[in-house]
Amino acid sequence: MKALEVKNIVKQFPNVLANDHISLSIEKGEIFAVVGENGAGKSTLMKIIYGLYTPTSGEIYVFGKKVKIETPEDAIRLKIGMVHQEFMLIPRFTVTENIVLGDEPHRGMIFDYKRAVKEVRELSERFGLKVDPTDKVANIPVGIQQRVEILKILRRGAEILIFDEPTAVLTPEETEDLFKALRRLKAEGKTIIFISHKLKEVMTIADRIAVLRRGKLQGVVEKEKTNEVELARMMVGRNVVLEIPHVEAKIGKTVLSVRDLTVKNKRGIIGLKGVSFDVHSGEIVGIAGVEGNGQAELVNALIGFTRPVKGKIELDGKEIKLLTPYNLRTKGMVYIPEDRKRRGIVLPFRVRENIIMGQHTLYPFSKNGILNDSEINKFATKKLEEFDIRPRNIHVRGGNLSGGNQQKLILAREMSIEHKFLLASQPTRGLDIGAMEFVYKKLVEEKKKGIGVLLISLELSEIMGLSDRILVLYNGEIVGETTPDKTNEEELGLMMLGLKRQERVLQ
Amino acid sequence: MKNVLKRIIFGPKEKEKYWWINVLVPIIAILLALVVGAIFIKLTGRSPIVAYKLLFGTSGLLPGPYWKDHFAEMLLSTSMFVATGLSFAIAAKAGLFFIGAEGDFLVGGITATYFGYAKPFANMPTFIHLTIIFIFVIIMGGIWGAIAGYLKVKKGIHEVISTIMLNWIAVYLIEDWLVIGPMKANVKTGISGTPYVSNTARLPIILHGTRLNISIIIMIIVTYLIWFLLYRTTFGYEIRAMGYTLIYGMEAPKAGGVDIDKRMIQVTFLAGAVAALGGAFIVLGILFQYPPVFGGGYGFDGITVALIGQNEPLGIFLASMFIGGLRTGAAAVQLAHIPKTFPSIIEGITVAFIALQELIRYWLMKAATAKKKSYVKIQGGADE
Ligand SMILES: Nc1ncnc2c1ncn2[C@@H]1O[C@H](COP(=O)(O)OP(=O)(O)OP(=O)(O)O)[C@@H](O)[C@H]1O
Ligand SMILES: [Mg+2]
């Protein structure tokens, strides 16, 4: 039985044809993956199905009936649920309160919290999605928050569940758990649509896979009859080799030196404890670790967002006392943020405005405080070309770019500022393999240019492939220092979980 | 050079496909308000046509009998609304809900009064005297406004709270102390207020036979300068970036090196200074002294015009003319047996429709896209 069928869906945005006559049919009880490059139109298609966008033309059938989905309420009524990439939970509410919000069990006029907790507990057991119903959402990790989102839509009776890049924010263990849950849901007869850039994941979990490319459907393949290489080729239109060229590091002088750095996190607890390390020009130093082990605190201290409790940071041989994000740029440091929507770009700003952020006070973009539009436009046009940012339109608003193109925009901007040190914090989060390949290439180029790179990543393969030296962060401390040829993913994994430690001598 | 000039005056050509929607929203809101107003009048058994004829005939917005006088009065109040409207809008662009224009307006008024009559300045040539007055008006108004920014940055006090308090402090400080104390006119009769400003401190008239003075020209220039500041300078770039992100807790401008705290204080200084100009105009162009009780309200009218003008300098100027016109024509509607507060009702309903602008936008967008049944493939898009 067909759970969902879309026919000839077209979505025309002012500048972009995001969906070009897409027709798909999805069986009940299958896990259906959608893959494609950044900007291929995956999110757009899902938003159409969930009623967030109205298609320019096309038809949607749900369980065989032709339907019109104009709002998410329509979608929920038709038993379609969507887990967004940014969760829409209220941090100060408990898990239970978040799940029942909008449809609370009550006795008379009074919200029956006890019954709600019981309901949530039952629901959680039934689908194998373990949560503690009385926890505050603010205090639980991302992986659990995602479960809360899933439970929330299940409670509303969702039969078709859409996941837009659910694993982008998860650790490998959390991903494993999510997959278990997805299989269980499938066994219960639920239909799952799953978007991911990680082809390995897709090959593990999906039954069938649809490939989109530049708004068009390239084809639907069965998992058994395909492999990662073929999928990548369908997505990008050429062979992709995601292997990182090995370039011998030509180590120069120290560009970043961190000594005994101790930093508090947002909740006022020490999150980074007396960390010391150096980054030299011409090398990539990788920081491996499970999210939440001090990465955010390290980044915030380096970019001047939080004042360290103690410790010293030296950039290019000079100690930086009063850190501000502005003087960091002028002292030769650039930053690729982990959360591009929050820290990377101003969503309503146009591409041309976003691309000069951070150097907008510099010549030629401005002189005596007055912006020079023709120079800005010239620069933006050039960078769109150079970094292959699509669409090639400098007037598009940052928020209307697809995730991957937003990331490329940030890369283009930061790398064009003159710098000696690059802080790349999860630079490939949410990127397609083509774009990932691109980022890797750029990072290696940086290294060749003699720039010191500090790469913070949750992806072990990335750390192993790119780094010349690896530091492992666990519980706010560096628990090991090694090089890719002296270690392997297993050993790193053990250190990341705090099960193995290495003594380190700093020269 | 010509190109540079063109760029400075007209700014970049942004290819916004549906830019006209932004223009239509306030116009539709006004028209809807007029329709609702007409229904009200009709329901009370009077003629809306007569009422509107009287209202707009004497508003100064449309030619008619005694147009010159009405036109002058309309522009006179326009300049004050522009001042307080821009004040609100500048701060709003930076993401602040700054409602301190009321207090800044009074501070501007009392500053202009003092420097208008104070002895050392009273015998200077008009041009120099006015320049000195305006410099002090800008400084005092700016400082009064910047207190709110300072409190927000240093103490985390929300600007709504601090500006409301500053408004009241200004009222009491000025009307319950300065005007009846140190700045009291030395007269024996009961009614007083402050002394009158010297002749050299009065704004030159630009339309003979009316009260219309240079304040409107000053505000045309200021409107342009604010537009320029917002869209053509790095300062404007930074505060717009702040306005787009701060309320959502986003950090992109901060990560991009914007000194948010400093900008916040600067923006509130500017907002205070611009509002203070309005206070100076009313003293130097209409009242010539600071009366015992100042019929205030211009500060809050500023929010109205900023809302109708969509926080855009040019929009605010036009909205101010509209509100100025309504106020000018208000007296005449009484001839149709309608209370002279009726135009305020129109203002209120207009703002209510502005509040519904998302709905209006949605209709317009639907109308705009409905015509094109087939889609067009645009070159150079993602699909090229
Ligand atoms: N609201 C919008 N207005 C204008 N253009 C948009 C809008 N949303 C998306 N687009 C454009 O439509 C195209 C498809 O975007 P979409 O977000 O669907 O891509 P995606 O496949 O989800 O990419 P990613 O993997 O990077 O998330 C992109 O070129 C994007 O710039
Ligand atoms: Mg997407």
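A quick note: this is a predicted structure, and the numbers were derived from the prediction, not measured.
Within a 6.0 Å radius of CE in M140(B), other residues, nucleotides and ligands contribute 12 heavy atoms or fewer. Around CD of E418(A), the count of heavy atoms belonging to other residues, nucleotides or ligands within 6.0 Å does not exceed 12.
Looking at I303(A), neither its backbone nor its side chain comes within 4.5 Å of chain B, counting heavy atoms on both sides. For a residue to count as touching a neighbouring chain, one of its non-hydrogen atoms must lie under 4.5 Å from one of that chain's; by this rule F365(A) does not touch chain B. With a 4.5 Å cut-off on non-hydrogen atoms, L328(A) does not touch chain B at all. Contact of T361(A) with chain B is made through backbone and side chain together, with heavy-atom distances under 4.5 Å.
Between the side chain of Y237(B) and the backbone N or O of L371(A), no donor-acceptor pair lies under 3.5 Å.
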Checklist line | Derivation and outcome, side-chain contact (heavy atoms from CB on, under 4.5 Å), residues M250(B) and L347(A) | finding: CA-CA 10 Å; M250(B) 295 194 168; L347(A) 297 173; 4.2 Å; yes
Margin query: side-chain contact (heavy atoms from CB on, under 4.5 Å) for R232(B) and D373(A)? Distances and angles first, verdict last.
Written below: CA-CA 8 Å; R232(B) 316 287 320 111; D373(A) 279 297; 2.4 Å; yes
Next item on the list: Show your reasoning for whether side-chain contact (heavy atoms from CB on, under 4.5 Å) applies to R240(B) and E353(A).
Entry: CA-CA 11 Å; R240(B) 283 185 297 121; E353(A) 290 173 305; 3.0 Å; yes
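Between P325(A) and A255(B), the shortest heavy-atom contact is CB-O, 4.1 Å. Nearest heavy atom pair, residue A252(B) against residue I345(A), reads CB-O, 3.4 Å.
The candidate from R343(A), E414(A), Q359(A) with the greatest count of non-hydrogen atom pairs under 4.5 Å with chain B is R343(A). Among D259(B), V258(B), T245(B), T233(B), the residue making the largest number of heavy-atom pairs under 4.5 Å with chain A is T233(B). The residue among T324(A), T54(A), I356(A), I376(A) with the most heavy atom pairs within less than 4.5 Å of chain B is I356(A).
Taking the six-membered ring where the residue is Trp, F349(A) and Y244(B) present perpendicular rings, their angle passing 60° and hence far from 30°.
To the nearest 0.5 Å, atoms NZ (K254(B)) and CZ (R342(A)) are separated by 11.5 Å.
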